[in-house]
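Quick notes on the structure that follows.
In what follows, chains carry the letters A, B, and so on, assigned in the order in which the sequence lines appear, proteins first and then strands, with residues in each chain numbered from 1. Just so it is clear, the model here is predicted, and its values are computed rather than measured.
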Number of protein chains: 2
Amino acid sequence: MAPQTKPQAEPRIPLSRDRVLRAGLAFADDNGIGSLSMRKLGEALGVEAMSLYNHVANKDDLLDGMVDLVFSEIELPSVDSDWRTAMRDRAISARQALVRHPWAVTLMQSRTSPGPVTLRHHNAVIGSLRGAGFSIDLAAHSFSALDSYIYGFALQEASLPFDTPEETAEMAETFLSQFPVAEFPHLAELTVEHVLQPGYDYGDEFEFGLELILDGLKRIRAAT
Amino acid sequence: MAPQTKPQAEPRIPLSRDRVLRAGLAFADDNGIGSLSMRKLGEALGVEAMSLYNHVANKDDLLDGMVDLVFSEIELPSVDSDWRTAMRDRAISARQALVRHPWAVTLMQSRTSPGPVTLRHHNAVIGSLRGAGFSIDLAAHSFSALDSYIYGFALQEASLPFDTPEETAEMAETFLSQFPVAEFPHLAELTVEHVLQPGYDYGDEFEFGLELILDGLKRIRAAT
DNA sequence: AACATATACTTACGCCGTAAACCTGTCAAG
DNA sequence: CTTGACAGGTTTACGGCGTAAGTATATGTT
């Protein structure tokens, strides 16, 4: 008889920094970043919390690595496309990544030490603009305007308390019933006439603002 | 002899929800939101942590109240000005409030229950646009685009690890010395030719993107 | 004077991040 | 085959966290 016949079938895949980071990302996706603790992450990996410290320096390092993983999901601006297509595509790709991992938006704030993937991404965006003839100043302005919009939109989207159209409708209903409509008439109007219309999806607002900014940049670029 | 001759001179101003919220705001401004705990806030008020629960339901309620306080610092869009001036002024006022209280940007995300001040603010913004002839849809688009930009910019600004020009220069120097310049040439160029130029202040970028969006909205409004 | 109410304090519980010490399986050198 | 170093896991422990529950006290009302 074999010395060990536990129900534990796995021969214990060894931990690694990458495995820890990916498990952290999956845990945050499933349970929210707020309930991610070293103990629970250890449990999810079949390991004690302290074992994680052999692969990440501390929890902050874990979070830094997770943010860098999210950045790696964002397409770099294409070298083949014109600047506008490249900027548009990478903005949409960035938003999609942040929809998949909503917790990442807020996390990017406190992390002041960008990882290598993040740096490469920023470098490529600026390079794309410079290559299209943007001056250094205009490239900096454009980069700031686009990223502010992308992250801000993702921030708002992540803070919405609903995901599906049904949830949206339900939230809007209870919302309308909770506050005095007379006191906030415009909010009520917008809720009824816009949010509660069939097919409403806040995510669709993204491209409106994006095109607005791209149009403005195009005009300024042409004027110089 | 009096029964008590403690050095405690104050006759114990009673707590109140407002006093607790304002103390929380001041504490977060001074020490960062991360180190705000019920115990430390109690200490700052000369009181035990549990006493706070007579005035706020729990820590989340405290944070909600603090966010609403920050919103109360933002100017409502003026009724007298044209829409563009009104939107511009309130955007600048919002950014200023978020510069004063950088922790508030991230806090707004997780809080899904907006306070009365927040609701009034949103209502006034939409009302201003509607009053200027914006359709419901265009008002919704504009509101989304502007707020995404404002919060996104504040988010980026808050995550910068420097405040003064000297700190900026210092950070940029160590930054350049830490990563291989050859690998991120565009980032390096932008750092040297833009960030390290005298008089650089990231906050100045705000108005560039803001005018870009306002210009775009003006054009769309005129075209309909 | 007696009581009700509001507000502060004390104690206790379970969870957190992580320092420090400890155990154990693997593998190279003798 | 023995030995010993080392990498990577575990155990224990500490101080801090949010907050439930129970208790004390001061104030206002009758």
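For dG18(D), its base sits under 3.5 Å from the side chain of Arg39(B) at one donor and acceptor pair at least.
In this structure, Leu15(A) atom CG and dT24(C) atom P are separated by 19 Å, rounded to whole Å. For the pair Glu48(B) CD and dA24(D) C1', the computed distance is 14 Å after rounding to whole Å. One atom, CE of Met38(B), and another, C1' of dA20(D), lie 13 Å apart when rounded to the nearest Å. In this structure, CE of Met50(A) is placed 7 Å from P of dA19(C), rounded to the nearest angstrom. Atom CG of Leu41(B) is separated from atom C1' of dG16(D) by 16 Å (rounded to the nearest Å). Between the C1' atom of dT18(C) and the NZ atom of Lys59(A) lies a distance of 12 Å, rounded to the nearest Å. In this structure, Glu43(B) places its CD atom 13 Å from C1' of dG16(D), rounding to the nearest Å. Rounded to whole angstrom, the span from the CG atom of Asn54(B) across to the P atom of dT7(C) amounts to 7 Å.
A centroid separation of 6.0 Å or more is found between the aromatic rings of Phe153(B) and Tyr151(A).
In this structure, Lys40(B) reaches the dC17(D) phosphate: one of its side-chain N or O atoms is under 4.0 Å from OP1 or OP2. Close to dG8(D), at under 4.0 Å from its OP1 or OP2, lies no side-chain N or O of Ser51(A). Remark: His55(B) is in phosphate contact with dA8(C), judged by side-chain N or O atoms under 4.0 Å from OP1 or OP2.
By the 30° and 60° cut-offs, the orientation of the rings of His121(A) relative to Phe71(A) is perpendicular.
Using a 4.5 Å heavy-atom threshold, the side chains of Leu210(A) and Arg88(A) count as touching.
Nearest-nucleotide mapping onto DNA chain D: of Leu52(A) and Ser35(B), the residue sitting toward the 5' end is Leu52(A).
Without hydrogens or angle criteria, Glu193(A) side chain to Glu189(A) main chain gives no donor-acceptor distance under 3.5 Å.
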